[in-house]
Amino acid sequence: MSERIISWHGNPSRPTYTPPPGAIDAHCHVFGPMAQFPFSPKAKYLPEDAGPDKLFALRDHLGFSRNVIVQASCHGTNNAATLNGIAVSGGKARGVAVVDPAISDEEIAALHQGGMRGIRFNFLKRLVDDAPKDKFLEVAHRLPKDWHIVIYFEADILEEMRPFIAALPRLVVVDHMGRPDVTQGPDGPDMKAFRSLLDSRDDIWFKPTCPDRLDLAAGDPWNNFADAVAPLVADYSDRCIWGTDWPHPNMEKAIPDDGHIVDMIPRIAPTAELQQKLLVTNPMRLYWPEEL
Ligand SMILES: O=C(O)/C=C(\CC(=O)C(=O)O)C(=O)O
């Protein structure tokens with residue numbers, strides 16, 4: 001792997017939709033810059049630099065106020081690039097770390113000091129070599145009480161994930177709703193299974209994100225995504241947070257326009273009240289609770 005990849009739009013449109021004041025892009029990443037923060041030797045993709053300067057310019061362009069930077073798999077368990085993004089944000093970013101489960105309690109405390117408020121367990125085989133559930137559970141028990149656990153898996157393994165998720169000792173946030181097949185519609189088997197997971201614990205949250213990934217075949221404007229996801233947001237409105245997923249790792253063959261991604265928000269959260277919860281109140285509870 002030597003060629004570096006660009007997976008983001010060079011000139012995204014300005015959205016038609018205006019997010020409320022204080023809106024948080026609660027799922028995005030930074031890549032590098034590589035000269036300062038090299039990628040992991042185990043990285044499954046090698047992106048061009050997409051550093052905090054680009055991320056914050058996009059934040060302003062799209063009308064957002066803050067970011068939650070999620071450590072991407074290309075940086076492995078070295079969180080330096082993400083911590084740098086948080087550090088140079090002037091208090092406008094916090095993060096989610098990916099850690100070696102053998103991390104010490106002192107290192108966890110340092111991550112908290114650096115603005116991390118959760119860790120991510122990634123179960124996608126195309127992104128990570130292994131996902132040891134027993135070790136993940138052990139480290140989960142050592143997290144600060146007010147941290148949460150972000151998990152990323154695909155719908156085909158939801159059933160085998162259930163016992164692990166049930167055992168997690170912190171609030172859980174599921175990335176991209178566990179990647180349901182949105183073409184099945186709001187009452188299809190994947191959405192039904194995901195709803196039953198949400199019903200199994202009232203502290204399982206989700207990100208109704210990534211229309212570009214989940215409605216890839218139909219493409220922009222991602223109508224299947226809007227139809228399947230809007231009822232979920234309406235029914236679980238206190239348990240969802242939203243993000244752009246910029247710089248859209250692995251989407252180089254179908255790069256989304258970030259302005260259009262933002263314009264999905266009023267289609268899945270049609271009222272001002274739902275938008276306020278999705279973009280402000282809910283993510284503030286997880287990332288800046290001291291300000292509430
Ligand atoms: O950005 C996302 O959430 C999804 C990703 C990339 C990713 O998670 C990672 O690299 O850690 C994907 O499906 O390729």
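Numbers here simply count residues along the sequence, with the first being 1. Each ligand, and each atom within it, is numbered from 1 in the order the structure gives.
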Keeping Asp263 on the side-chain end and Tyr17 on the backbone end, is there a donor-acceptor pair under 3.5 Å?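 It does hold such a pair.
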With a 4.5 Å limit on heavy-atom distance, are the side chains of Leu232 and Met191 in contact?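 With C-beta onward as the side chain, the pair touches.
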Can you list everything that forms a ring-ring contact (aromatic ring centres under 6.0 Å, His included) with Trp242? Sequence neighbours excluded, please.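 Only Phe64 meet the ring-ring contact (aromatic ring centres under 6.0 Å, His included) criterion with Trp242.
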Residues at least two apart in sequence or cross-chain that pass ring-ring contact (aromatic ring centres under 6.0 Å, His included) with His29, listed by chain then number, are His27
Got a sec, which residues hit salt bridge (charged side-chain N to carboxylate O under 4.0 Å, His left out) with Asp245, two or more places apart in sequence or on another chain?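 Checked Asp245 against salt bridge (charged side-chain N to carboxylate O under 4.0 Å, His left out); matches are Arg213.
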Strictly under 4.0 angstrom, heavy-atom based: which residues surround ligand 1? His27, His29, Tyr45, Ala72, Ser73, Arg120, Asn122, Arg126, Leu127, Tyr152, His176, Arg179, Arg213, Asp245, Pro249, Asn250
Taking the six-membered ring for Trp and the single ring otherwise, decide whether the centroids of Phe164 and Phe153 are under 6.0 Å apart. no
